[in-house]
Amino acid sequence: MSEMDIYDLRVSVDRIEGRSVCGMAVGDHFDLTNSAHLTIPEGKHFCVYALASVLPFLAAKQRDLAAGDWLAQDSHFICPDPEERLVMKVERTCRRTMNSEDLT
């Protein structure tokens, strides 16, 4: 059995510096749990373009990073829409031990 520690994450809208074109508001969020389970609160949505801009970093944010790694220090990501300037914050919500053999 190969155990590993991994973090659950919450990605939330931290601020909107332009105009909200996609209909999201400060506090809107999604959770990434159990390595790959993405959930959005019922009745809410999360812009696919904002999701696409933060998605490449989530696997790294789920793991322990070296102290000098820039991704260990940075937690803010921005949507690619220049008029919206929606800023998201990635936070670790829970540390869990998982069996890597259960994951693909």
Side-chain angles (χ1 to χ4, degrees):
M1 184 159 101
S2 180
E3 290 187 346
M4 65 179 194
D5 287 334
I6 194 165
Y7 292 94
D8 289 349
L9 304 174
R10 173 164 286 180
V11 178
S12 57
V13 176
D14 187 61
R15 61 188 181 275
I16 300 171
E17 298 175 342
R19 60 186 184 100
S20 182
V21 182
C22 65
M24 292 199 320
V26 172
D28 286 349
H29 68 275
F30 69 84
D31 293 309
L32 183 60
T33 60
N34 296 306
S35 177
H37 299 172
L38 191 146
T39 56
I40 300 171
E42 188 172 340
K44 293 288 191 171
H45 74 280
F46 206 90
C47 173
V48 68
Y49 301 107
L51 174 63
S53 68
V54 74
L55 197 59
F57 302 99
L58 297 182
K61 293 295 278 184
Q62 288 178 305
R63 288 157 177 76
D64 286 321
L65 299 167
D69 190 314
W70 70 270
L71 198 51
Q73 300 167 22
D74 290 345
S75 60
H76 288 89
F77 299 85
I78 193 162
C79 175
D81 186 329
E83 287 191 30
E84 190 158 37
R85 295 186 310 279
L86 183 139
V87 180
M88 297 163 283
K89 183 171 186 175
V90 178
E91 298 174 283
R92 292 174 168 171
T93 57
C94 172
R95 183 181 182 121
R96 65 178 70 237
T97 300
M98 298 185 75
N99 182 347
S100 64
E101 295 172 6
D102 294 338
L103 306 171
T104 58

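This chain uses plain numbering: 1 for the first residue, then up along the sequence.
Hydrophobic cluster membership of V21, counting Ile, Leu, Val, Met, Phe, Trp and Tyr whose side-chain heavy atoms lie under 4.5 Å apart directly or via other members: none, as it forms a cluster of its own.
A distance of 10.5 Å separates CE of M88 from NE2 of H76, quoted to the nearest 0.5 Å. Note: D5 CG to R63 CZ = 11.0 Å, rounded to the nearest 0.5 Å. With rounding to the nearest 0.5 Å, the separation of CG in D8 from CD in E91 is 13.0 Å. Distance check, rounded to the nearest 0.5 Å: CG of L51 to CZ of F30 gives 5.0 Å. Considering CG of L71 and CZ of F77, their distance stands at 5.0 Å, rounded to 0.5 Å. With rounding to the nearest 0.5 angstrom, the CE atom of M4 is 11.0 Å from the CZ atom of R96.
Under the 4.5 Å side-chain heavy-atom criterion for Ile, Leu, Val, Met, Phe, Trp and Tyr, V13 and L55 are members of the same hydrophobic cluster. Residues L58 and Y49 are members of separate hydrophobic clusters, defined by side-chain heavy-atom contacts under 4.5 angstrom among Ile, Leu, Val, Met, Phe, Trp and Tyr. Residues L38 and F57 fall within the same hydrophobic cluster, defined by Ile, Leu, Val, Met, Phe, Trp and Tyr side chains chained together at heavy-atom separations under 4.5 Å. Cluster membership for L65 and I6, using ILVMFWY side-chain heavy atoms within less than 4.5 angstrom, is not shared. By the criterion of side-chain heavy atoms lying less than 4.5 angstrom apart, applied directly or through intervening Ile, Leu, Val, Met, Phe, Trp or Tyr residues, I78 is not grouped with W70; the two fall into different hydrophobic clusters.
Here salt bridge (charged side-chain N to carboxylate O under 4.0 Å, His left out) pairs that include residues 27-56, with residues two or more places apart or in two chains, are R10-D31, D28-K44.
R92 contributes a side-chain N or O that, together with a main-chain N or O of K61, makes up a donor-acceptor pair within less than 3.5 Å. No side-chain donor-acceptor contact under 3.5 Å links E84 to the backbone of C79. For the pair Q62 (side chain) and S35 (backbone), a donor-acceptor distance under 3.5 Å is present. Looking at D81, its side chain does come within 3.5 Å of a backbone N or O of E83 through a donor-acceptor pair.
In this structure the side chain of Y7 never reaches within 4.5 angstrom of the side chain of L32, judged on heavy atoms. V11 places a side-chain heavy atom less than 4.5 Å from the side chain of F46.
Across M24 and L86, no two heavy atoms sit closer than the pair CE-CD1, 3.6 Å. When every heavy atom of S53 is checked against every heavy atom of P56, the shortest pair comes out as O-CD, 3.9 Å.
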